[in-house]
Amino acid sequence: QVQLVESGGGLVQAGGSLRLSCAASGSILRVNAMGWYRQAPGKRRELVASITSGGTTTYADSVKGRFTISRDNAKNTMSLQMNSLKPEDTDVYYCNADILERYSANRNDYWGQGTQVSVSS
């Protein structure tokens with residue numbers, strides 16, 4: 001069984017910084033693309049940033065220049081450094097990973113449980 005666990009959310013003032021982390025564990029053969037998504041109540045979940053296993057990154061226009069995604073392939077972990085936070089960044093942030101399982105050889109899309117990020121003005 002595969003699990004994604006997030007950490008690092010919290011409350012911060014506008015202009016501040018937070019760092020989110022995501023760790024994948026379990027019967028993993030390979031972690032392909034990983035990403036961070038966010039979702040506000042009643043709204044669709046949206047991509048914030050993604051990173052391939054080779055390190056190619058993409059960002060939503062709203063976070064370019066402020067957020068940085070990174071990963072450690074040896075540890076199956078991913079981070080999101082969020083700087084210059086704005087009140088509109090307030091959301092629940094979810095970790096996502098495309099994972100090839102070790103024993104079943106199934107390839108599935110996994111989600112973390114979500115972590116709240118709140119930015120006060």
Side-chain angles (χ1 to χ4, degrees):
Q1 188 172 355
V2 174
Q3 191 175 20
L4 297 182
V5 177
E6 300 135 343
S7 60
L11 173 64
V12 66
Q13 287 188 330
S17 298
L18 283 174
R19 186 176 181 86
L20 305 183
S21 295
C22 173
S25 62
S27 301
I28 297 171
L29 180 61
R30 186 174 68 245
V31 180
N32 298 310
M34 302 182 79
W36 290 97
Y37 289 73
R38 63 188 182 187
Q39 186 173 25
K43 292 189 175 182
R44 193 176 67 176
R45 192 170 294 186
E46 64 176 12
L47 176 67
V48 176
S50 66
I51 185 168
T52 66
S53 57
T56 300
T57 59
T58 59
Y59 294 93
D61 287 342
S62 58
V63 306
K64 282 181 181 177
R66 300 188 298 123
F67 291 9
T68 302
I69 190 171
S70 61
R71 64 187 286 173
D72 184 330
N73 290 336
K75 297 180 179 178
N76 291 333
T77 59
M78 173 180 65
S79 294
L80 185 68
Q81 178 66 40
M82 304 185 294
N83 298 327
S84 303
L85 282 161
K86 303 176 180 180
E88 52 262 43
D89 294 318
T90 296
D91 268 326
V92 178
Y93 284 69
Y94 296 89
C95 169
N96 171 263
D98 173 6
I99 295 175
L100 180 63
E101 298 178 22
R102 179 175 296 278
Y103 300 113
S104 68
N106 290 332
R107 180 175 174 177
N108 289 308
D109 207 36
Y110 288 91
W111 293 91
Q113 79 282 5
T115 185
Q116 177 70 47
V117 170
S118 299
V119 184
S120 63
S121 58

From [atom1] ([X]) to [atom2] ([Y]), nearest 0.5 Å:
X	Y	atom1	atom2	value
Leu29	Asn106	CG	CG	11.5 Å
Gln1	Ser25	CD	OG	9.0 Å
Ser7	Arg19	OG	CZ	10.0 Å

Determine the minimum heavy-atom distance between [X] and [Y], stating which atoms define it.
X	Y	result
Ser121	Ala14	CA-CB, 4.3 Å
Ser17	Asn83	OG-OD1, 2.9 Å
Gly16	Val12	CA-CG2, 3.8 Å
Asn32	Arg71	O-NH1, 2.8 Å
Tyr93	Asp91	CD1-O, 3.4 Å
Gly8	Leu18	O-CD2, 4.0 Å

Determine, using the 4.5 Å side-chain heavy-atom cutoff (strictly less than), whether [X] and [Y] are members of one ILVMFWY cluster.
X	Y	result
Tyr94	Phe67	no
Tyr37	Ile99	no
Val5	Leu20	no

Handout entry: Salt bridge flag under 4.0 Å for residues Arg66 and Asp89
Key =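 Here Arg66 pairs with Asp89 in a salt bridge, since their nearest N and O are under 4.0 Å apart.
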Problem - Qualifying salt bridge (charged side-chain N to carboxylate O under 4.0 Å, His left out) pairs with a residue from residues 95-105, counting only residues at least two apart or across chains - result: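 The answer is Asp98-Arg107.
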Practice task
Determine yes or no for a side-chain-to-main-chain donor-acceptor pair under 3.5 angstrom, with Glu6 supplying the side chain and Gly114 the backbone.
Solution key: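 It does hold such a pair.
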Exercise for the section: For Gln81 and Ile69, indicate whether the former's side chain and the latter's backbone hold a donor-acceptor pair under 3.5 Å. Expected result: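 A pair under 3.5 Å: no.
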Practice task
Go through the side-chain N and O atoms of Ser79 and Ser70 and say whether any donor and acceptor fall under 3.5 Å apart.
Solution key: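 Ser70 and Ser79 do not have a side-chain donor-acceptor pair below 3.5 Å.
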Would you say the side chain of [Y] lies within less than 4.5 Å of the side chain of [X], judging by non-hydrogen atoms?
X	Y	value
Val119	Glu88	no
Arg38	Leu80	no
Val31	Asn73	no
Trp36	Cys95	yes
Arg30	Ser53	no
Tyr59	Thr68	yes

Problem - Contacts of type ring pair (Phe, Tyr, Trp, His ring centres under 6.0 Å), residue Tyr110, not counting sequence neighbours - result: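 With neighbours one apart ignored, the set is empty.
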